[in-house]
Amino acid sequence: ASAYAQDTKIGFIVKQPEEPWFQDEWKFADQAAKEKGFTLVKIGAEDGEKLMSAIDNLGAQGAQGFVVCTPDVKLGPGIVAKAAANNLKLMTVDDRLVGADGKPLEDVPHMGISATKIGEAVGQAIIDQMKARGWKMDEVGAIRVSYDQLPTAVDRVEGAISVLKAAGFKAENIFDAPQAKTDTEAALNAATVVLNAHADIKKWIAFGLNDEAVLGAVRASESVGIPADGMIGVGIGGAESAINEFKKPTATGFVGTVIISPKRHGYETALNMYDWIANNKEPAKLTLTAGALAKRDDYQKVRKDLGIE
Amino acid sequence: MTDRLKKILLGEQGLVVIFIVAFALVSLLVPNFLTDRNMLGLLQSVVTVGIVACTMMFCLAARDFDLSVGSIVAFAGMVAVMASNYTGSILLGLIAAIACGAVVGWVNGVVIAKFRINALITTLATMQIVRGFALISSDGRAVGINSPDFYQLALSKLLGIPTPIWVLAVLFAIFGFVLNSTVFGKNTLAIGGNPEASRLAGVNVDRTRIWIFTLQGVVCGIAGILLASRITSGQPNAAVGLELSVISACVLGGVSLAGGRATMSGVIVGVLIMGIAENAMNLLNIPAFYQYIVRGVILLLAVLLDNLRSSALGRR
Amino acid sequence: MTDRLKKILLGEQGLVVIFIVAFALVSLLVPNFLTDRNMLGLLQSVVTVGIVACTMMFCLAARDFDLSVGSIVAFAGMVAVMASNYTGSILLGLIAAIACGAVVGWVNGVVIAKFRINALITTLATMQIVRGFALISSDGRAVGINSPDFYQLALSKLLGIPTPIWVLAVLFAIFGFVLNSTVFGKNTLAIGGNPEASRLAGVNVDRTRIWIFTLQGVVCGIAGILLASRITSGQPNAAVGLELSVISACVLGGVSLAGGRATMSGVIVGVLIMGIAENAMNLLNIPAFYQYIVRGVILLLAVLLDNLRSSALGRR
Amino acid sequence: MSFLEFSNITKTYPGVRALSDVSFGVEKGAVHGLMGENGAGKSTLIKILSGDQHAHAGAISIDGKVQAYASTRNAFDNGVIVIHQELQLVPELTVAENLSLGRFPASAGVIARRRMLDDVGAKLKSAGIDIDMRRKVKTLSIGERQMVEIAKAVMLDARVIALDEPTSSLSSRESEILFALIDRLRGEGKVIIYVSHRLDEVFRLCDSLTVLRDGKLAAHHASLEGVTRDQVVAEMVGREISDIWGFRPRRAGEIRLKVDSLSGARLPTPASFEARAGEIVGFFGLIGAGRSELMRLVFGADPRSGGAIAVDGKAIAAASPHDAIRAGIVLCSEDRKHDGIIQGRSIEENINISSRRHHTRFGVLSRASEIATAETFIKKLKVRTPSRRQDIVNLSGGNQQKVILGRWLSEQGIGVLIVDEPTRGIDVGAKSEIYELLYQLAEDGMAIVVVSSELPEVMGICDRILVMCGGRISAELTRDQFAEKAILAAALPDKKTPDAIAS
Ligand SMILES: Nc1ncnc2c1ncn2[C@@H]1O[C@H](COP(=O)(O)OP(=O)(O)OP(=O)(O)O)[C@@H](O)[C@H]1O
Ligand SMILES: Nc1ncnc2c1ncn2[C@@H]1O[C@H](COP(=O)(O)OP(=O)(O)OP(=O)(O)O)[C@@H](O)[C@H]1O
Ligand SMILES: [Mg+2]
Ligand SMILES: [Mg+2]
């Protein structure tokens with residue numbers, strides 16, 4: 001680590017500090033910090049206001065730049081302005097900033113994967129599984145565990161639905177199960193209602209915002225006595241919630257999860273930011289990562305490939 | 001209307017009557033509502049709120065307030081899972097969870113009763129602290145359950161009815177009895193109705209309040225265990241915002257925040273109203289955003305109806 | 001300690017003194033804390049809470065309760081942005097936002113004062129309903145601001161101090177004056193102290209309460225506008241949970257939930273304590289999970305300290 | 001060494017020395033009177049006896065054993081019962097539950113309801129109090145509540161019973177029940193401490209008497225042989241008061257208040273009366289006669305179901321106290337604690353809350369006049385307090401009453417002043433000053449209505465007395481017709497027609 005590194009300070013702001021995903025991003029960012037010997041300041045900012053304060057706060061502690069996963073992409077212009085005001089270098093991760101017009105802010109370096117893309121991956125995984133089980137599409141019901149308050153959530157489920165429809169899944173067989181909160185219990189309650197309302201349907205698929213949401217649907221299917229082979233749930237995230245499910249002695253309706261690598265998102269962004277500050281090497285404007293599907297049998301391998309654990 | 005009907009409507013149980021009418025209406029108007037599957041689903045969905053409401057009722061009746069319930073439920077769930085994974089004995093896990101709940105509740109009680117710190121602030125603080133513990137204990141991650149028997153707590157059935165619902169029913173019965181027929185219950189109401197008078201009458205106000213909060217903790221522990229078993233894992237961010245649902249269920253059920261007034265039947269009705277609202281809205285699949293509005297309107301209507309009732313009754 | 005010091009500490013302003021001491025300590029111990037940049041950042045971060053606390057103080061002082069503030073702030077922000085985008089005139093946008101706030105507040109007031117519906121339930125209901133409106137109005141998405149001048153509301157400075165901070169200061173001054181030196185303020189405190197007696201003393205209780213909630217709405221409108229301008233967009237799910245921060249800031253500041261006791265200086269201190277806690281924790285780079293615990297502990301300590309003070313003072 | 005011995009009791013509150021070095025003793029089977037001006041320290045002494053407050057110095061000993069109570073609880077256990085000056089009841093609980101609170105008959109924590117009801121029923125019966133013990137306390141009238149409070153005295157077998165102004169809200173009939181009870185307890189050899197401002201009661205009941213002044217022992221009479229009332233008054237007030245009523249003939253002017261067949265929820269039978277300028281009209285009746293109800297209707301405190309009210313010939317809506325006050329009617333209500341004092345606020349604010357509207361500009365207060373008004377009435381009414389900023393709940397009962405009176409006496413442009421039990425809990429000295437104030441107001445042309453359960457009071461100060469009974473006005477007597485018999489007869493439910501009395 002160069003002498004300069006000692007007083008290099010980089011902020012890493014995330015929108016949901018409690019979420020394992022962001023915990024991992026932070027963990028890998030720390031790894032980069034350790035290697036290069038700069039200080040990493042981790043701040044959680046659940047909403048726009050907290051985010052603005054966080055940026056001021058970074059400026060105040062004399063950081064030179066920060067990586068951010070914003071609570072809302074529409075904050076774009078505000079974030080850019082704040083960063084400039086505090087003359088901090090700015091990079092975004094996971095969610096890409098957009099301007100008032102809704103177009104992405106091209107000149108802010110970004111690394112991530114679009115919510116829609118992840119959703120599509122989920123949809124594809126479900127289709128494949130249905131084929132594998134030899135299900136007929138029109139005897140299958142779909143639970144859309146939705147949390148429409150959160151734009152990312154909408155994009156993800158819509159992504160999945162688009163693929164399903166493309167594959168010929170009937171729109172009227174997709175039932176909405178709005179969760180009041182983003183935890184498993186809420187999803188469980190919402191999904192239970194759907195299942196009971198359509199007792200005639202015996203085969204179900206489920207997708208949602210994240211692993212917790214899909215798990216709720218799977219639990220619901222179990223509670224109303226639908227066997228594991230009558231349920232196909234594919235989640236997003238691939239953290240403990242999913243792993244616990246895979247670890248269970250017997251297979252459940254939770255067949256897989258789309259894992260995104262927190263390693264690249266955490267480690268590389270932090271590293272890029274450091275190079276930018278220390279060696280004035282500006283990162284690529286846009287780096288798109290891909291999600292990988294992990295199943296009960298191959299999840300350890302997938303995680304290794306992605307450099308997690 | 002005839003005087004007898006009037007009498008029933010305006011009597012102690014008027015709320016219940018109104019509820020039954022409402023229930024009948026929903027059953028008629030909402031398709032797939034009145035199926036036994038859906039009824040069981042409905043009941044299971046109110047287990048957590050219902051269980052915690054039992055003791056929250058005492059808390060409010062004694063003019064206190066508890067915001068920490070959500071965190072305690074989550075924490076207890078984590079403990080239950082981690083402890084039974086660690087010891088390999090589910091029983092020990094359950095005991096540990098309930099013990100943790102009791103300790104947190106007891107701390108709440110002592111701080112509030114002995115140090116005379118406002119209940120809202122105290123429980124707001126413990127709410128944060130306990131949530132912190134829950135997150136730290138597992139580094140913010142969900143914890144899986146090793147022994148499948150643990151799931152059975154929630155999945156097992158008795159006479160075709162899942163265990164959690166039985167637990168809920170039993171707790172309703174117990175706390176209804178405690179409120180009306182025991183010294184503890186009456187003292188609680190007295191403390192809420194007139195703390196000064198209760199103190200002068202020799203009621204041990206502090207001890208009673210500490211007990212109330214400890215019980216609340218225990219009950220949250222039970223709720224946490226059942227929740228963990230239902231979602232087959234301990235999740236540190238479970239039951240966020242539970243406190244508000246529980247408190248509004250109680251107030252819906254005619255529990256006065258000014259203390260001194262509470263009935264178990266009322267609280268049960270309050271809990272069910274909330275559950276039915278959620279259930280029916282999803283059955284009618286009302287879009288998420290409109291659900292907010294419906295929820296709010298239902299809350300208002302329910303209380304408004306009850307007020308009309310009681311003002312017709314002539315009480316302020 | 002000398003009697004004079006004692007006198008100051010135990011006097012009305014004791015809380016302020018304690019705060020100053022605490023502030024001095026933080027400044028010494030936390031690096032980068034006492035820099036003008038950080039001070040400005042700190043103040044900006046408490047603008048929303050501070051502004052809303054002004055009227056929440058009245059609400060609590062009159063033994064009422066308002067949970068809907070968060071939703072109103074978000075909704076007003078949306079309205080401000082959408083209206084000014086639509087009309088092309090920022091001024092109209094601002095007026096629309098404040099008007100919406102006022103209407104919601106007024107509705108709260110009327111329902112609570114006239115229909116005698118419990119304030120907690122009423123505002124819990126409007127909290128949901130208004131949040132619903134906010135989400136519906138933009139289909140749950142944030143709305144960008146067309147005219148850059150809108151940002152200037154938050155970015156512009158006067159004597160090197162950003163406008164929002166000035167607004168906050170002015171509101172503090174106004175409501176401090178209203179509380180102590182106007183009939184409205186005194187009536188508010190009287191209602192909190194004993195509603196029935198106030199009514200019999202000729203205070204128009206209902207009208208006063210309706211006014212309080214309407215003002216609360218207006219103030220939330222202002223907060224919403226500044227927030228929207230600060231985050232350069234209207235966000236339907238902004239300011240979630242604001243109500244709790246505001247209420248606890250007030251209670252920290254010695255406002256009694258039992259009504260009848262409130263001071264502006266206290267509330268200001270309460271707001272600042274909360275802001276400083278957050279700020280310092282981030283400066284010290286405390287891990288997210290531990291922040292929960294620290295936050296909780298600080299809350300408790302602050303109130304505990306104040307209680308020791310006042311019990312030393314002999315008041316119960 | 002007496003059975004109950006107070007020795008060198010001293011107690012101070014911030015800014016106030018409530019008791020300083022008070023010592024006296026009381027024998028078994030004696031009723032001991034405790035008198036003194038408002039704020040003299042009577043209730044404080046009682047509170048210390050009950051273990052509610054703790055003395056800074058001195059000791060209490062019973063039967064030679066020094067008592068040190070951690071809580072009111074262990075005062076009970078040592079056989080000490082205290083009936084406090086302020087009602088201490090739980091509105092939402094029934095009479096029976098209130099009387100058993102703190103010592104419910106129970107097995108394994110479960111209340112033995114039957115046993116409770118039987119026990120309470122028996123005790124109430126023996127005490128000669130008949131109130132339905134299943135009624136919730138919130139449905140009782142003030143007077144009825146006071147009786148429930150008193151019933152606590154017999155709920156457990158005590159050695160020492162202290163009653164703090166038990167009769168202040170009782171009318172003669174209930175008082176008689178109480179006195180009979182006290183005589184019985186005396187007979188059972190209990191020690192009874194009896195606090196009151198009513199001399200005739202004290203002289204009728206008490207065997208011995210202690211007078212406090214400014215927290216110091218002013219006089220102690222081991223027996224009342226040869227002690228005169230004037231002497232006691234002098235010991236209390238520090239000066240002679242020849243005639244506390246000090247009645248002065250006035251001449252009534254034209255009608256100011258005209259109430260025409262007014263009725264409301266709790267006052268079904270329409271009531272009509274009028275009050276003239278410069279006239280003091282008295283309303284007498286037993287508890288539950290409906291006097292307070294009637295006045296609350298006039299003041300718009302309760303919704304009226306029928307009838308009309310006119311002030312100076314102008315009909316007024318009086319839909320709320322707010323309107324009534326602006327129409328020139330004010331009511332000082334009987335329930336000081338619930339309807340009067342504004343807890344947590346200073347004396348100054350409690351006085352100014354209504355009258356301040358005359359001194360405000362654009363809703364902004366005028367500090368100067370607020371302070372002036374407060375200081376004036378604190379002086380006029382001799383409110384005993386360290387400062388006008390004192391929280392009203394820290395005042396003694398009587399002093400609180402004075403502050404509430406101050407609130408209404410400080411009003412301006414008022415035509416009709418209604419006072420419900422105005423001198424409840426107020427000492428003799430202050431009483432005569434308050435009467436004097438009322439006279440002045442009357443002479444300035446105000447119409448004054450005095451509701452009182454104290455017959456001597458109404459007879460002493462009124463020009464005209466209206467008697468109520470069972471929610472109806474049963475008789476009207478002018479000063480020359482005043483006669484205890486006639487008035488009481490009209491007040492009692494079973495009686496001959498009003499005119500018979502009038503003639
Ligand atoms: N909690 C308190 N804080 C401060 N001062 C108090 C408090 N309680 C009583 N005092 C003061 O102590 C003095 C004695 O009060 P106390 O109630 O004993 O008078 P009292 O003799 O009962 O008068 P009254 O006849 O009006 O009931 C009064 O001056 C009162 O202001
Ligand atoms: N809060 C209440 N709820 C129900 N009934 C009440 C209430 N207050 C009074 N009453 C009833 O109304 C009647 C009138 O009571 P009130 O006290 O006004 O009579 P009063 O003549 O003023 O006697 P006093 O003022 O001496 O108690 C009584 O029968 C009483 O029981
Ligand atoms: Mg007294
Ligand atoms: Mg009366």
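The chains referred to below are lettered A, B, ... by the order of the sequence lines, with proteins before strands, and numbering in each begins at 1.
- With a 4.5 Å cut-off on non-hydrogen atoms, Ile43(A) touches chain C through its side chain but not through its backbone.
- Comparing Asn86(A), Ile55(A), Asp47(A) by how many heavy-atom pairs each has under 4.5 Å with chain C, the most go to Asn86(A).
- The contact between Leu283(C) and chain A is made by backbone and side chain atoms together, counting heavy-atom distances below 4.5 Å.
- With respect to chain C, the highest number of heavy-atom pairs below 4.5 Å among Gly62(A), Ala60(A), Ala85(A) belongs to Ala60(A).
- Between the CG atom in Asn57(A) and the CD atom in Glu278(C) there is a gap of 10.0 Å [rounded to 0.5 Å].
- Side-chain contact between Arg230(C) and Ser53(A) is present, with at least one heavy-atom pair separated by less than 4.5 Å.
- The CE atom of Met52(A) lies 13.0 Å from the OG atom of Ser45(C); values are rounded to the nearest 0.5 Å.
- Contact tally against chain A (heavy-atom pairs below 4.5 Å) for Asn38(C), Asn282(C), Thr35(C): the top residue is Asn282(C).
- The CG atom of Leu135(C) lies 9.5 Å from the CG atom of Asp148(A); values are rounded to the nearest 0.5 Å.
- Nearest approach of Trp26(A) to Ala288(C), heavy atoms of both residues: CZ3-CB, 4.1 Å.
- Interface remark: Ala239(C) contributes backbone atoms only to the contact with chain A (heavy atom separation under 4.5 Å).
- Ranked by heavy-atom pairs under 4.5 Å with chain A, the list Ser233(C), Pro31(C), Ala142(C) is led by Ala142(C).
- Using a 4.5 Å cut-off between heavy atoms, Asn285(C) contacts chain A through its side chain alone, with no backbone atom that close.
- More than 12 heavy-atom neighbours from other residues, nucleotides or ligands sit within 6.0 angstrom of NZ on Lys285(A).
- In this structure, Lys117(A) places its NZ atom where only 12 or fewer heavy-atom neighbours from other residues, nucleotides or ligands lie under 6.0 Å away.
- Most heavy-atom pairs under 4.5 Å with chain C, from the set Pro77(A), Gly44(A), Pro71(A), Ala54(A): that is Pro77(A).
- Listed for the Asn237(C) side chain is a donor-acceptor partner under 3.5 Å among the backbone atoms of Gln149(A).
- Under a 3.5 Å cut-off, the side chain of Asn32(C) and the backbone N or O of Gly59(A) do not form any donor-acceptor pair.
- Counted by atom type alone, Glu49(A) and Thr48(C) present one or more donor-acceptor pairs between their side chains at under 3.5 Å.
- Ranked by heavy-atom pairs under 4.5 Å with chain C, the first of Asp72(A), Asp56(A), Leu58(A) is Asp72(A).
- Only the side chain of Tyr292(C) comes within less than 4.5 Å of a heavy atom in chain A; its backbone stays farther off.
- In terms of heavy-atom pairs under 4.5 angstrom with chain C, the leader among Asp155(A), Val98(A), Leu51(A) is Asp155(A).
- Neither the backbone nor the side chain of Glu46(A) comes within contact range of chain C, judged by heavy atoms closer than 4.5 Å.
- At a 4.5 Å heavy-atom cutoff, the contact between Lys82(A) and chain C is made by side-chain atoms alone.
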